Protein chains: 2
Amino acid sequence: MQRARGFGEVLRARGLRRTAQRELVLAALADLGHATPEDIAGRVQRQAPDVNLSTVYRALDALVEVGLVARGHLDRAAASYHLVEHADHLHVLCEGCAAMAEVSSAEASALAARIEELSGFAVDVRHLLLRGRCPACRESPPGS
Amino acid sequence: MQRARGFGEVLRARGLRRTAQRELVLAALADLGHATPEDIAGRVQRQAPDVNLSTVYRALDALVEVGLVARGHLDRAAASYHLVEHADHLHVLCEGCAAMAEVSSAEASALAARIEELSGFAVDVRHLLLRGRCPACRESPPGS
DNA sequence: TTAAGTGCAAACAATTTGCATGGCA
DNA sequence: TGCCATGCAAATTGTTTGCACTTAA
């Protein structure tokens, strides 16, 4: 359970370094849950105004590469990131109002098993983002 | 089963028009299965070189709006479109080599029902894009 | 006839990259 | 000390928009 220590090790194991910026990005993600690069940069810059947006992008790439962070895809123009340790549930995004629900990823394990049986593909359901409509928006269809 | 006729009607019902460009976009999608706007534009331009990329974007928006086409999200920088009538299966994209497998969307109906039960969200599993690793790529992990 | 659709070019927004400097190991 | 990481600015890439012209209904 020593996140901070494991963090440095995991990076070093791949020839990457532990830096203040990368820690700030992790802290921002822990704080925000899931967020876009810009959200993360904003949060980080409250503590370190000089951290550049491109550094956030590069930090996110590094953290995804070592497996500490996962990338989602909210819509065509906005990537979404979250901590892997925070990813024991899948997200359902409402296409009407952008509300987000969370469901245990265990619910999807049967589907994952079936897909593997049928296609041989290993699906990682821990980082799954589904789209749907929340109870309130179900009454007002998309093209109304 | 008269796709062409239904096409015009569906558009007209929303005050939209049937045009040669929109038909070409539909034909391109029927041909390509799933494709990015640029892929589609390339295909369309083989028959009608003057069709502009922005027209393809606008045609796709219109077709999504009337429910003939669905939008997916391959990665941060590329939307993916496909015909709804071609969408009775969900796609699994290999993160290693970009291979694509298809599985009947019926497999996901149990998950959708469970999510609705738990959260009240209606999930549309007909247009689901999952990520995983194909049999070949499972042997070579992401950050190797 | 007339509102919707198109082509073109310019505007935007998200992300990436080159390069010189700074800092972990 | 060497190599990775950062800041900055410029370059790319994907997508949208304003406008005058064309066309389906």
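None of the values given here were measured: they were computed from a predicted structure. For the numbers below, each heavy atom of this structure counts, side chains included, while hydrogens, waters and symmetry mates do not. Chain naming here is simple, since letters A, B, ... match the order of the sequence lines and numbering starts at 1 in each.
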Nearest-Å distance for atom pair CG/C1', residues A/Asp50 and C/dG23: 15 Å
Kindly indicate whether the side chain of A/Arg58 and the base of D/dG7 share any N or O donor-acceptor pair separated by less than 3.5 Å? yes
I need the CG-P distance between A/Leu11 and C/dA25, as an integer number of Å. 9 Å
If we ignore hydrogens and angles and just use 3.5 Å, is the side chain of A/Glu23 paired with the main-chain N or O of A/Arg18 as donor and acceptor? no
Judged by nearest nucleotide, the residue sitting upstream toward the 5' end of DNA chain C, B/Arg22 or B/Pro49, is B/Arg22
Assess whether salt bridge (Lys or Arg N to Asp or Glu O under 4.0 Å) is satisfied between A/Arg12 and A/Glu9, documenting all intermediate values. CA-CA 5 Å; A/Arg12 230 171 293 132; A/Glu9 275 169 9; 5.7 Å; no
Below the 4.0 Å mark, does D/dT6 have OP1 or OP2 next to a side-chain nitrogen or oxygen of A/Thr19? yes
To the side chain of A/Thr55, which of D/dT15, C/dT15, D/dT6 is closest? D/dT6
Under 3.5 Å, is there a donor-acceptor pair between the side chain of A/Ser109 and the main chain of A/Ala106? yes
Return no unless some side-chain N or O of B/Tyr57 is found under 4.0 Å from OP1 or OP2 of D/dT16. no
Would you kindly say whether A/Asp39 and A/Thr36 are connected by a side-chain donor-acceptor distance under 3.5 Å? yes
Report the nucleotide, chosen from C/dA14, C/dT17, C/dG7, that has the shortest atom-to-atom distance to any side-chain atom of A/Ser54. C/dT17
Kindly say whether, by distance alone, the side chain of B/Arg17 makes a donor-acceptor pair under 3.5 Å with the base of C/dA4? yes
So, does B/Gln21 get its side chain near the phosphate of D/dT23, meaning an N or O under 4.0 Å from OP1 or OP2? no
Can you check the B/Glu23 CD to C/dT6 C1' distance for me, whole Å? 16 Å
The answer to which of B/Leu16 and B/Leu53 contacts DNA chain D further toward the 5' end, by nearest nucleotide, is B/Leu53
I want to verify a distance call: between C/dA25, D/dA25, C/dC8, whose nearest atom is closest to the B/Asn52 side chain? C/dC8
